[in-house]
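Shown next, in structure tokens, is the structure this report addresses.
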Amino acid sequence: MRDPVAIIGVGQTTYRRRHVERNTAELVRDAVEAALTDAQIDSDAIGVIVGGVAPDALAGINHIDMASISRPGVPYFRVNTGGATGSSAFLAAMSWIASGRCDVALVVAVERMGYATTAQAVFNSIFDPIYEKDISISTISMIAMRATMLMQEYGYTTDHWASLAAKNSLASQNNDTLENPRLFDKAQVLASPILSWPIRTLEACPMSEGVCVAVLASEKFVGARRAAWVLGTGAFSDAYAMGDRIRRPEGSLVELLTLRRSAEKAYREAGIANPSEVIDCVEIQAPFASAEAMAYSALGLCEAKNGPAFLDRLLEGRTRALVNPSGGPQAANPVSATALIRIVECALQVRGLAGKRQLDGVRHAVATGQGGATQFSTAVVLGSNRP
Amino acid sequence: MQTPDPISKPITIAGHWNFEYRYFAGAVASRFFNEIKINRRIMGTRVPSTGRVLVPARSFCDASYERTGEWVEVGPEGTLDIFTIVAAKFPGLPDPPFVMGYVTLDGADTAVLNYVRGVDLTDIEAAGNKLMAKPRVRAIFSDVREGRITDFHFELIAPI
């Protein structure tokens, strides 16, 4: 990339079922304050704020960002690409810096779904009211249908989904951004009630709220700050309905072309020819185990047909890249923020600031974002060294 | 244990967000539904350059942006490609258990979402494993049709 951009600060509230001590603007202020402190800057350095909020109806307020994110005297706009909202907002902020419009950008992603009493009915409303909404599809059934396709095409089993859910649950115990992370093993997942076959209750991400903030800066602004450098990025879109792209000539629904193309572009920009030999840490925005497994081959970590074998090695800790050391979205999935959290987790890893979940010697990390019915994907490669 | 101070007790205010709409289907989906309602047949639209038949009918190809041309009758039989059995109750959604899935109708290249009815769901795990075999299904039209996707559903052609 011509003009390198770096993450110089991050701030997060905790992630939990429902925040009861702070309203949305107060939560945002907490996370912004933490991010500015981490970045060692004052708020007057901020040249733009990009807000990330997904469906308004989860919070029950149209444009909750107007009341909670936008600040007097600073340019502001909002981004919404569903579950990819946080990473899309990150890319939008980055382009403001890369084009020379400002030196410092603040990305603020907010999820306030904890007070929604009919969340899956809200998720039903994101689907096409003409052809699909009447069939009561929701985000859970959407992902369950792709899980059956992965099982049909590649031989994944419900044991795989349960084992991966248990692995993420174990990892999440080290994540200090989570309040009360759930701990369960594979047998408990398999014994939990069926939610939407083949998905069981303990495999599903919990409802989660919280705010994630990243401070981005131009190369000349970074100075001596401890930075996570953006080495490459990619973002691609696809058609709205899953049935329209179930078997495209260029790839099936579960080959996840949007992420494959995003990752290929990000690796190319980062000068990474063989990601499986270079990437140390991966944060995948996948709220269910099957969605995580679908991303492995798209990220170039394995061939699609070898996905189950790669997953088996991952479960045994025998892969080079470690996936979701934070526990990932299966531990907490605040929808609007979750894709930015993946980037922030990678930034903490390459900056060596990830606390109990820090991996050894992370030089290259990749974070994904996934929105709509896999309609939107993003990939962001971060590195510890200035490009 | 200390008694909570009533002055600092969190307040939440009950609310609703139930606006009403009339969703306009557009020209192509209107014809798609009228064919079902009046003629009890499912029609798709063909992409001229590739010959792909899109069902549900689209006015243009989602991949190439090319306008679709002729209308083609498809089905009423097809293959249940992918599915799920919803087994939990979610507020605002129908009572479980039920099956939904994407079906590629004979003659179509894309898949349409609908309910699959008549599957024995006394053992959901067993039913799920059987439906993995991509069974053949047939579209069943309702006696009373109002011009929407629920004017038909799918049933298995042979019991599983």
Side-chain angles (χ1 to χ4, degrees), chain A residues 20-21 23 56-57 60-62 115-125 127-138 140-152 158 193-201 204 238-250 253-254, chain B residues 8 10 12 14-17 21 23-26 29-30 32-33 50 52 54-58 61-63 81-88 90-94 96-104 108-115 121 124-125 127-129 131-134 148-150 153:
Chain A
V20 295
E21 293 92 10
N23 75 14
D56 290 295
I61 304 170
N62 256 331
Y115 291 86
T117 51
T118 58
Q120 284 302 312
V122 173
F123 284 125
N124 173 240
S125 76
F127 291 92
D128 176 11
I130 308 302
Y131 282 140
E132 297 201 327
K133 182 169 173 278
D134 281 350
I135 313 303
S136 65
I137 182 172
S138 72
I140 294 174
S141 44
M142 161 189 98
I143 287 174
M145 286 191 281
R146 287 201 303 262
T148 61
M149 190 167 183
L150 284 160
M151 294 161 79
Q152 290 164 336
T158 48
I194 299 171
L195 205 53
S196 192
W197 196 91
I199 291 174
R200 290 182 180 272
T201 305
D238 208 331
Y240 183 35
M242 293 199 296
D244 286 5
R245 50 190 153 88
I246 195 164
R247 70 177 73 74
R248 283 197 196 294
E250 59 270 41
L253 176 64
V254 291
Chain B
S8 58
T12 57
H16 298 276
W17 194 347
Y21 300 90
Y23 294 110
F24 172 46
S30 293
F32 177 83
F33 288 132
T50 61
R52 279 165 61 88
L54 310 182
V55 178
R58 305 287 183 190
C61 170
D62 59 281
D81 285 315
I82 61 176
F83 70 95
T84 183
I85 307 170
V86 178
F90 298 102
L93 296 178
F98 58 88
V99 183
M100 72 172 78
Y102 279 98
V103 168
T104 301
D109 292 285
T110 56
V112 59
L113 179 70
N114 216 313
Y115 294 109
L121 297 178
I124 288 173
E125 191 71 41
N129 283 316
L131 290 173
M132 291 286 281
K134 301 194 177 189
R148 64 195 302 172
I149 199 73
T150 46
H153 65 268

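Naming convention: chains lettered A, B, ... in sequence-line order (proteins, then strands); numbering from 1 in each chain. Reckoned from all heavy atoms, side chains included, excluding hydrogens, waters and symmetry mates.
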Just so I understand: if I count every heavy-atom pair under 4.5 Å between each of Ala241(A), Ala119(A), Ala147(A), Ala121(A) and chain B, which residue has the most?
Ala121(A)
One should read off an interatomic distance between Glu132(A) CD and Ile149(B) CD1, to the nearest 0.5 angstrom, of 8.5 Å
Examine whether an atom of Thr12(B) lies under 4.5 Å from a heavy atom of chain A, and if so say whether it belongs to the side chain, the backbone or both; otherwise answer neither.
side chain
Pick one of side chain, backbone, both or neither for Ile61(A), based on which atoms fall under 4.5 Å of a heavy atom in chain B.
backbone
From CG (Asp62(B)) to CZ (Arg248(A)), nearest 0.5 Å
4.0 Å
For chain A, which candidate among Ala133(B), Gly15(B), Pro97(B), Gly128(B) shows the most heavy-atom pairs at distances under 4.5 Å?
Gly128(B)
Pick one of side chain, backbone, both or neither for Tyr115(A), based on which atoms fall under 4.5 Å of a heavy atom in chain B.
side chain
Validation row: Phe98(B), Ser136(A) side chains within 4.5 angstrom (heavy atoms):
yes
Can you tell which part of Thr104(B) gets under 4.5 Å to a heavy atom of chain A, answering side chain, backbone, both or neither?
side chain
Has Thr148(A) got a side-chain atom pairing as donor or acceptor with Phe83(B)'s backbone, closer than 3.5 angstrom?
yes
Report the option among Pro198(A), Ala239(A), Ser141(A) that has the most heavy-atom pairs separated by less than 4.5 Å from atoms of chain B.
Ser141(A)
Determine the option with the most heavy-atom pairs under 4.5 angstrom with chain A, choosing from Val112(B), Asp81(B), Thr150(B).
Asp81(B)
Against chain A, label Phe90(B) side chain, backbone, both or neither, depending on which of its atoms sit under 4.5 Å from a heavy atom there.
side chain
Check for a donor-acceptor pair, side chain of Tyr131(A) on one end and backbone N or O of Ala57(B) on the other, with a separation under 3.5 Å.
yes
Separation of Arg247(A) CZ from Thr110(B) OG1 (nearest 0.5 Å)
8.5 Å
In Val86(B), Asn129(B), Val99(B), Leu131(B), the residue satisfying side chain to side chain contact (heavy atoms under 4.5 Å, CB included) with Trp197(A) is Asn129(B)
In short, Ile130(A) meets Ala25(B) closest at the heavy-atom pair CD1-CA, 3.5 Å
Side-chain contact test, heavy atoms from C-beta onward, threshold under 4.5 Å: evaluate it for Met142(A) versus Leu113(B) and give yes or no.
no
Per-residue contact mode, Ile143(A) against chain B (heavy atom under 4.5 angstrom):
neither
If you count heavy-atom pairs under 4.5 Å with chain A, which of Ala127(B), Pro96(B), Ala63(B) comes out on top?
Ala63(B)
Ile194(A) backbone acceptor or donor facing Glu125(B) side chain under 3.5 Å:
no
Nearest non-hydrogen partners of Asp244(A) and Arg52(B), listed with the distance
O-NH2, 3.9 Å
Rounded distance (nearest 0.5 Å) linking atom CE of Met145(A) with atom OH of Tyr102(B)
5.0 Å
Would you mind checking which part of Asn23(A) comes under 4.5 Å of any heavy atom in chain B, side chain (CB onward), backbone (N, CA, C, O), both or neither?
neither
Which region of Phe32(B), side chain (C-beta onward) or backbone (N, CA, C, O), has a non-hydrogen atom less than 4.5 Å from a non-hydrogen atom of chain A, or is it both or neither?
side chain
Select one option (side chain, backbone, both, neither) describing which atoms of Thr117(A) are under 4.5 Å from chain B's heavy atoms.
backbone
Winner by heavy-atom pair count (cut-off under 4.5 Å) against chain B, out of Asn124(A), Ile137(A), Val122(A)
Ile137(A)
For Leu195(A), is it the side chain, the backbone, both, or neither that has a heavy atom closer than 4.5 Å to a heavy atom of chain B?
both
One should read off an interatomic distance between Ile140(A) CD1 and Thr84(B) OG1, to the nearest 0.5 angstrom, of 9.5 Å
Just so I understand: if I count every heavy-atom pair under 4.5 Å between each of Gln120(A), Gln152(A), Glu250(A) and chain B, which residue has the most?
Gln152(A)
Under 4.5 Å heavy-atom distance to chain A, tell me which part of Pro56(B) shows up: side chain, backbone, both or neither.
both
